[in-house]
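First the structure, in the form of structure tokens, and then the observations on it.
First the proteins, then the strands, lettered A, B, ... as listed; each starts at 1. Just so you know, these numbers come straight off a predicted model, no measurement behind them.
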Amino acid sequence: MATAVSVVMAATPLLLAAIGELVVERAGVLNLGVEGMMLAGAVAGFAAALATGTPLAGVLAAALAGMGLALVFALLALFLLANQVATGLALTIFGTGLTALAGQPLVGRSVSRLAPLFPEGLRELPVVGPLLFGHDPLVYLAWLLVPATALFLFRTRAGTVLRACGENHEAAHALGHPVRRVRLLAVLFGGATAGLAGGFLSLVYTPMWVEGMTAGRGWIALALVVFAAWRPWRVLAGALLFGGVGILQLHAQGLGLVAIPSQYLSMLPYLATILVLVLIHAGPWRRRLEAPACLGRPFLPPS
Amino acid sequence: MSRLVVERRPRPSRWLSWAAPPLALLATLLAGALLFGLSGHDPLAALRAWFVSPLASLYGLGELGVKATPLVLVGTGLALGFRAGVWNIGAEGQLTVGAIAAGLVALATWGTEGAWIFPAMLAAGVLGGMAWAAVPAELRVRLGVNEILVSLMLVYVADLLLKALVFGPLKDPEGYGFPQSRLFDTPALAPILVPGTRLHLGALLALAAVLLAWAFTARTLGGFAWRVQGLAPRAARYAGFAEGRIVRLSFAVSGGLAGLAGALEVAGPIGQLLPSVSPGYGFTAIIVAFLGRLHPAGVLVAALVVALAYIGGENAQIEAGLPEAVTGVFQGLLLFFLLAAEFLVHYRIRRRGPAAAPRTSASSAETAA
């Protein structure tokens with residue numbers, strides 16, 4: 001049971017970051033800056049929680065910081081039509097440097113966590129209590145985002161418009177949909193969830209600030225979106241899978257069962273990511289792996 | 001009432017494509033000065049520590065060459081790939097594996113003499129980098145796996161591999177348990193070019209790489225196919241240029257050059273294997289490639305500028321008490337401004353009067369191409 005709880009914990013930042021990026025990519029935008037936005041969320045969330053003493057302020061600051069970097073991306077990639085791959089990379093490089101700089105006074109400090117959502121009676125139920133009711137509120141938010149995103153994308157008019165922008169932006173524009181505004185909102189949403197993912201790491205998971213603490217989770221989240229074939233429920237499955245690999249590695253290290261140096265075990269999440277990408281591209285289901293048709297293509301409204 | 005509209009230039013502005021990198025640099029400097037001012041440092045003193053004092057001595061100039069060498073090597077390779085639309089983002093990993101391969105040769109031959117040792121290390125570095133780069137290349141060509149994600153994941157793997165080795169089997173037996181290898185023997189060290197500096201043979205190899213890349217892109221059919229692939233992939237397919245071959249070649253060249261850079265780092269300024277052999281040269285080279293407008297000569301100039309920023313960063317830490325992370329902020333800002341300036345090269349903003357033509361979608365086809 002304790003293992004299941006820790007898998008859920010490890011899956012949460014991946015889930016948050018990936019579900020946001022999924023919406024961004026469904027709108028036709030490839031933002032490779034997830035890692036940078038996560039770091040920004042981690043450092044801003046931690047700093048705000050430390051300064052105000054309220055973890056909730058930290059959560060809000062984390063989301064806002066992610067959105068701040070996402071806005072820079074949107075300005076360059078959507079309105080100045082810059083190459084999206086290069087802009088996303090710039091976001092990650094900038095975010096890594098800026099957070100290392102801003103986070104220096106925060107190293108070694110600690111903050112209190114968010115108040116639990118459920119009463120103690122429920123949380124301490126035998127067996128299921130910790131797993132169902134014992135988590136940090138952000139975990140529930142992350143899980144709720146999955147059905148919410150699925151409903152939004154496939155059951156609402158706004159979601160249909162968003163997908164139309166991702167599949168064929170010229171047609172969407174011809175129908176009178178504001179392609180760039182839709183994409184801007186999607187990018188900002190992706191920034192907010194990436195920021196929350198980082199905030200979860202520094203406020204709940206560790207909880208402290210360490211330079212570069214995302215350790216490639218932003219990139220794994222990007223791989224998760226491909227793995228999920230741009231479908232929200234599969235993102236959840238993928239996040240649990242990758243969270244599980246991470247926990248497996250920690251357990252193997254902690255138990256000292258294996259006579260393998262820890263560095264080789266630490267490679268597991270990255271190698272697993274490559275392996276999973278290979279498997280989904282090699283299997284008979286590869287035909288269903290259709291990326292949004294306008295993914296990464298800049299759009300200049302004809303005037 | 002007139003309004004402003006954005007339209008694509010019929011062809012990229014020539015003078016702006018020359019002016020864009022210096023403009024972006026200037027904007028970065030201004031933003032940097034502002035940043036220093038806001039954080040309570042004297043902006044002028046910081047910028048002087050950054051960009052002037054490193055150039056005031058022979059040793060400083062040598063250091064400029066030492067830092068520029070890996071950036072030129074990696075940046076040249078990446079620029080070739082980026083031109084063809086191949087995104088090798090994992091040069092840092094290929095550099096690390098090149099360093100490991102060269103280090104293995106140096107340590108295996110430790111205590112022996114031979115003029116072949118140093119060249120063998122470079123060859124091992126190139127092969128190591130190429131092997132590491134072959135993984136994302138093959139996966140993309142054979143299965144269509146995204147090369148960005150695979151090459152990036154392998155950066156983390158390479159970094160852990162290096163750490164596993166220097167914390168384990170390659171640890172110096174007389175090193176008091178520190179995680180580092182033996183110091184390389186003299187035959188395994190890169191020859192110094194200018195006495196009194198650390199400038200080594202690698203600088204000449206970097207220049208050679210620039211010249212070769214230039215000759216390739218400007219003068220051969222292969223180079224032409226390469227550019228068409230990047231500009232118009234479908235046209236390239238009709239013309240019979242094989243995409244798979246270009247992807248493989250891009251990765252082989254950029255991986256090999258990154259591996260060479262790694263080998264030269266351990267044979268040159270470092271002289272042994274450490275848990276980390278690069279302050280992010282592989283990532284910085286991405287910026288160098290763009291700053292140089294993906295042209296070999298441009299990469300050379302850009303690498304010198306960015307190398308100066310690296311040394312300046314270390315210098316500013318000492319002189320002006322600035323943290324090391326500022327370098328990363330500068331690099332990110334520079335790339336942002338470059339990408340913004342790129343807009344001006346390809347698009348123009350025009351004032352359009354009320355009598356202007358009605359909205360048409362005629363230009364949308366052009367935009368999509």
Side-chain angles (χ1 to χ4, degrees), chain A residues 32 36 72 75-77 79-83 85-87 89-104 169-170 173-174 211 215-216 219-220 222-223 226 260-267 269-271 273-274 277-278 280-282 286 289 294 297-303, chain B residues 5-8 39 82 87 89 135-136 139 142-146 148-150 152-157 160-165 167-168 280 283-284 286-287 290 323-336 338-340 342-343 346-347 352 359-365 367-368:
Chain A
L32 294 183
V72 175
L75 282 178
L76 283 164
F79 295 96
L80 295 183
L81 305 163
N83 181 309
V85 173
T87 312
L89 284 171
L91 208 61
T92 290
I93 292 173
F94 179 72
T96 310
L98 187 69
T99 54
L101 188 63
Q104 276 188 333
H169 49 216
E170 277 118 24
H173 175 79
E211 199 181 313
W219 295 102
I220 293 180
L222 280 159
V226 181
I260 307 174
S262 66
Q263 289 91 355
Y264 292 108
L265 293 169
S266 302
M267 291 176 190
Y270 311 111
L271 291 174
T273 305
I274 297 176
L277 284 174
V278 168
I280 57 165
H281 281 87
R286 59 184 299 187
L289 209 65
C294 285
R297 279 174 48 194
F299 176 68
L300 176 67
S303 50
Chain B
V5 292
V6 174
E7 61 180 31
R8 198 177 175 90
S39 60
F82 292 169
W87 294 96
I89 303 303
V135 178
L139 291 181
R142 284 166 195 262
L143 298 171
V145 181
N146 183 313
I148 298 176
L149 294 173
V150 175
L152 203 108
M153 288 295 128
L154 286 176
V155 173
Y156 292 97
V157 177
L160 288 162
L161 179 64
L162 173 63
K163 287 189 167 65
L165 290 174
F167 277 92
F283 293 113
T284 307
I286 297 170
I287 297 169
F290 277 103
E324 186 194 357
V326 177
T327 313
V329 178
F330 260 122
Q331 292 179 355
L333 278 176
L334 178 58
L335 195 42
F336 282 145
L338 273 171
L339 291 166
E342 192 73 16
F343 173 75
H346 293 288
Y347 299 89
R352 174 171 288 185
R359 297 173 59 152
T360 60
S361 56
S363 59
S364 65
T367 320

Counting heavy-atom pairs under 4.5 angstrom with chain A, the leader among B:Thr284, B:Asn146, B:Leu161 is B:Leu161

By side chain to side chain contact (heavy atoms under 4.5 Å, CB included), B:Val150 pairs with (sequence neighbours left out) A:Ile274, A:Leu277, B:Val135, B:Pro136, B:Leu139, B:Val145, B:Leu154

When every non-hydrogen atom of A:Gly97 is compared with those of B:Val329, the smallest separation belongs to C-CG2, 3.5 Å

The reported gap from CE in A:Met267 to CE in B:Met153 (rounded to nearest 0.5 angstrom) is 14.0 Å

Taken to the nearest 0.5 Å, the spacing of A:Thr96 OG1 from B:Gln331 CD works out to 10.5 Å

Residues A:Leu80 and B:Ala340: closest non-hydrogen pair is CD1-CB, 3.7 Å

Next on the checklist: Run B:Leu165 and A:Gln263 through side-chain contact (heavy atoms from CB on, under 4.5 Å) and show every step you take.
Outcome noted: CA-CA 9 Å; B:Leu165 290 174; A:Gln263 289 91 355; over 6 Å; no

In this structure, CZ of B:Phe283 is separated from OG1 of A:Thr92 (nearest 0.5 Å) by 9.5 Å

- Could you check if a side-chain atom of A:Trp219 sits within less than 4.5 angstrom of a side-chain atom of B:Ile148, using non-hydrogen atoms only? yes

Residues B:Leu149 and A:Ala223: closest non-hydrogen pair is CD1-CA, 3.6 Å

| said: Does any part of the side chain of A:Phe94, heavy atoms only, come nearer than 4.5 Å to the side chain of B:Leu335, both counted from C-beta? | reply: no

For B:Gly332 and A:Ile93 the tightest heavy-atom approach is N-CG2, 4.0 Å

Closest non-hydrogen contact found for A:Gly216 with B:Tyr156 is CA-OH, 3.1 Å

Distance col, row B:Tyr347:OH vs A:Leu300:CG, nearest 0.5 angstrom, shows 6.0 Å

Counting heavy-atom pairs under 4.5 Å with chain B, the top scorer among A:Ala86, A:Ala90, A:Ala82 is A:Ala90

In this structure, CZ of B:Phe82 is separated from CG of A:Asn83 (nearest 0.5 Å) by 9.5 Å

